[in-house]
Amino acid sequence: MSEKEQAKQQIEELRAEIEKHNRLYYINATPEIADREYDRLLQSLEDLEKKFPEFGSPSSPTRRVGGAPLEEFRSIRHSVPMMSLSNTYSKEELVDFDGRIKKLIPDKKYTYILEPKIDGVAISLRYENGELVHAVTRGDGKTGDDVTSNIKTIRSVPLRLSAGAPAVLEVRGEVYMDTAGFAKLNEARQETGQEPFANPRNACAGSLKQLDPREVAKRPLDAIFYATGELDGISFETHEQMLQSLKNYGLRITPTYWICNEIQEVLGKLDDLENMRHEFSFEMDGGVIKINERRLYGPLGSTAKSPRWAVAYKYEPEQAETTLNAISIQVGRTGVLTPVAELEPVQLAGTTVKRATLHNEDEIRRKDIKVGDKVIIEKAGEIIPAIVRVVTEKRTGKETDFAMPTACPVCGSAIEKREGEVALRCINLQCPAQVKNWIAHYASRGAMDINGLGESLVEQLVDNGLIRTPADLYSLTKEQVAGLDRMGGKSADNLIKGIEESKARPFERVIFGLGIRQVGKRAAQILADEFKNIDALMTADVQTLEEIRDIGPIVGKTIVAYFQALESRTVIDRLRAAGVNFEQEEGSMGSELDGLTFVLTGSMESMSREEAGDKIHARGGKVSSSVSKNTSYLVAGESAGSKLDKAEELGITILDEEQFLALLGSDEKLKDDKAGQMGFGF
Ligand code: IVH
């Protein structure tokens, strides 16, 4: 056997071995090897695939995370429409459901199967000859988004089914974020000053919408399958048989289900299922009742949206009664004052609840909430529970009315209500609550990315009077930091190093970090490109700003107001004195692309769109988001979208990836060729 043939065989064996261990780990929960051993197998496969790129395959276990970010999701038509379920909320409705079935198929015998209803996002996966071809969201039921590269990052989803898979197998199921992973993700988001997700379902849906699979890979997603779409070369008699076959192919199925002979039995099992609510790693919002015999699906048929052979039963959101001990006020990142209910601790949906959100003063009035009231709280998918109502019949007369404070509870400053808003705000920009949020934003990953500076450390630094603005960070000493709670000499050193390193961040990140209202990452990038340095930006007038595409008059006014404020100018002066970078780096590699405007579309193998943009900027070129007659080049990668049509229409020069790399220069080409040889290039 030649070296090549040997490598081919070895690659195949390694893939089969890794897939086997995936199944043992994710599907059967009976792992046979240690994680280290598994990683070693994967590494060997990766090495071989790099050496012999001709044997690469999109369904190789090494290809879970990869590919450049997409520009938009491609639409895919479902070969069989993806239906939804009709909901029932009472056992009577379920008995009616059974009555309708009996009427439709009076002389047929049938059984029911009951499964948990997973609160996630519906997905359809298509396998052809055992290989994953695509993964599509439900969309409108007829067409959905192609989220294949995101789904491939879910380790329990097989990229290749076990041997004996049919010609076509479309499986439908639910992608979800497991509850423990969700809690961790939210903690991390809060640490970096990002908005936490309201519940696992939103977090899951948000993750699937990410265009960069590398980001999705960081999210704790999983999937469970419970239905089929198009099938070729296989058929199933019962739903249970189908589930077991999916499991044999290596797909995850529900951890429990019950077969019931009649509806009364289903009603009993629904209670058992409800009692298991907190035992699952996913959020369950009900049960799904399906006819087990698949030959009856045809005769029963479906309505416009849902089949007649299945129905969902939704559980009541979990509620508890407790006492409202007090109402406290939280001051948020923009100075908004939010009332929070301080409750007598109570068990609800598997956790101890001590606080509930009250949103604003109007809501307190509307629900007639008084301090000392007995209240009913509810968790309806949201992680933070809400007060549903007051148990007025339990009032003793000792309850007291609540009034919003007339000054900020954190700093004592005046508060204001802006026109058209219900919220009250603290007017003091130096309010410690606002300052903490501002500094946490400055240090966050998308801005100055200061390693080790999370929310709790910012809190301590502000509370100890060590910092009041981001500029103060640069005069912190190791001794000051080391004296704080849970900070040793080593972590203090690391923090000081992280702060020092942040001075060299690109100009656009500094602009973003300043926290100018309405100036997000993209606007910051545009401003950096346009003005090149802080002095030019600070002296720009509204007219100049509003003429810039994607800035506009409203944001323009906010920017001007920001730079007019003495506080902002002082902070900027001090940041500058500390050595923070306030200039756009002019193409350090030259300015050969000076005066040229690029539009990027589709995905490239060798770099992400962001990297491509950086390289263009570094050479003095500009990047624009839309094609116009001013576009010099359209760089079209894989699956280019409508921009390509537009560029063709306008006669703009179109570059493919190779031509683009050539334009960037010979050193770039060389580097990428090397990458190609190593297996992560073309
Ligand atoms: S069966 C043709 N089974 O709930 C019927 N759906 O509210 C296919 N869901 O669209 C659906 N768990 O996204 C089925 N065990 C389960 C489910 C389930 C969650 C979702 C699914 C469905 C929605 C209806």
Side-chain angles (χ1 to χ4, degrees), residues 78-89 93-94 97 101 112-126 135-145 147 151 169-179 199-202 204-205 208 221-231 236 238-244 246-247 251-260 266 269-270 272-274 276-277 279-294 296-315 317 380-381:
H78 297 295
S79 50
V80 175
M82 255 181 111
M83 294 224 255
S84 186
L85 294 172
S86 56
N87 286 324
T88 57
Y89 298 90
E93 283 180 86
L94 278 184
F97 163 76
I101 300 222
Y112 283 118
I113 185 162
L114 168 65
E115 296 169 351
K117 182 169 181 318
I118 304 150
D119 196 10
V121 176
I123 193 83
S124 181
L125 266 52
R126 185 177 175 93
V136 190
T137 60
R138 184 194 352 247
D140 62 4
K142 294 196 182 83
T143 50
D145 285 339
V147 288
I151 294 297
L169 176 70
E170 265 187 20
V171 286
R172 271 127 196 221
E174 207 80 358
V175 186
Y176 65 90
M177 188 174 286
D178 77 64
T179 37
N199 54 48
R201 213 197 75 82
N202 286 7
C204 174
L208 281 186
L221 299 179
D222 213 327
I224 282 182
F225 298 90
Y226 48 64
T228 55
E230 187 185 342
L231 298 175
F236 309 102
T238 62
H239 184 77
E240 182 180 29
Q241 190 196 28
M242 181 270 288
L243 291 178
Q244 290 306 330
L246 296 192
K247 188 172 172 185
L251 290 151
R252 279 187 76 215
I253 60 165
T254 163
T256 34
Y257 60 79
W258 291 268
I259 309 279
C260 303
V266 174
K269 297 296 180 213
L270 273 169
D272 295 349
L273 178 62
E274 185 165 12
M276 295 169 68
R277 218 171 161 153
E279 290 169 24
F280 300 118
S281 60
F282 48 82
E283 295 244 309
M284 175 185 76
D285 58 343
V288 180
I289 298 106
K290 301 170 181 175
I291 298 244
N292 195 22
E293 290 73 20
R294 287 173 60 108
L296 300 176
Y297 292 0
L300 285 166
S302 55
T303 65
K305 282 211 184 92
S306 44
R308 287 202 190 82
W309 45 264
V311 72
Y313 174 83
K314 295 270 240 182
Y315 293 125

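Both ligands and their constituent atoms are indexed starting at 1 by order of listing.
Cys260 places none of its side-chain heavy atoms less than 4.5 Å from the side chain of Asn292. In this structure, Val136 and Asp145 have side chains that are not in contact, with every pair of non-hydrogen atoms separated by 4.5 Å or more. By the 4.5 Å heavy-atom criterion applied to side chains, Tyr176 and Asp119 are not counted as neighbours.
Of the protein's non-hydrogen atoms, the one nearest atom 17 (C) of ligand 1 is Tyr226 CE2, 3.4 Å. Nearest protein heavy-atom neighbour of atom 3 (N) of ligand 1: Lys290 NZ, 3.0 Å. Protein heavy atom in closest approach to atom 23 (C) of ligand 1: Lys117 NZ, 4.1 Å. When hydrogens are left out, the protein atom nearest atom 20 (C) of ligand 1 is Glu174 OE1, 3.4 Å; that is the closest non-hydrogen contact. What sits closest to atom 8 (C) of ligand 1 on the protein, heavy atoms only, is Met83 O, 4.3 Å.
When Ala310, Gly286, Pro307, Ala227 are checked for heavy-atom proximity to atom 2 (C) of ligand 1, Pro307 turns out nearest. With distances taken over non-hydrogen atoms, the option nearest atom 5 (C) of ligand 1 out of Val175, Leu85, Val288, Asp119 is Leu85.
One distance of note links CG of Asn87 with NZ of Lys314; it measures 5.0 Å at 0.5 Å rounding.
The shortest N or O to N or O distance between Ile118 and ligand 1 is under 3.5 Å. Here's the thing with Glu115: one of its N/O atoms is less than 3.5 angstrom from an N/O atom of ligand 1. Below 3.5 Å of separation, one finds no N or O of Ala122 facing any N or O of ligand 1.
Applying the ring pair (Phe, Tyr, Trp, His ring centres under 6.0 Å) criterion to Phe97, with sequence neighbours excluded, gives no partner residue. With sequence neighbours excluded, the residues forming a side chain to side chain contact (heavy atoms under 4.5 Å, CB included) with Met82 are His78, Ala122, Ser124, Arg138, Arg172, listed by chain and number.
Residues Ser79 and Glu170 bring a donor and an acceptor atom of their side chains to less than 3.5 Å of each other.
In this pair, Tyr313 and Tyr315 present their aromatic rings perpendicular. The plane angle is above 60°, beyond the 30 to 60° band.
Near Pro116, meaning under 4.0 Å from any of its heavy atoms, are these atoms of ligand 1: 12 (N), 15 (N).
Among the candidates Glu115, Met242, Lys117, the single residue satisfying the side-chain contact (heavy atoms from CB on, under 4.5 Å) test with Tyr226 is Glu115.
A heavy-atom separation below 4.0 Å is found between Arg138 and ligand 1. Proximity of Arg172 to ligand 1 is not established, as no heavy-atom distance is less than 4.0 Å.
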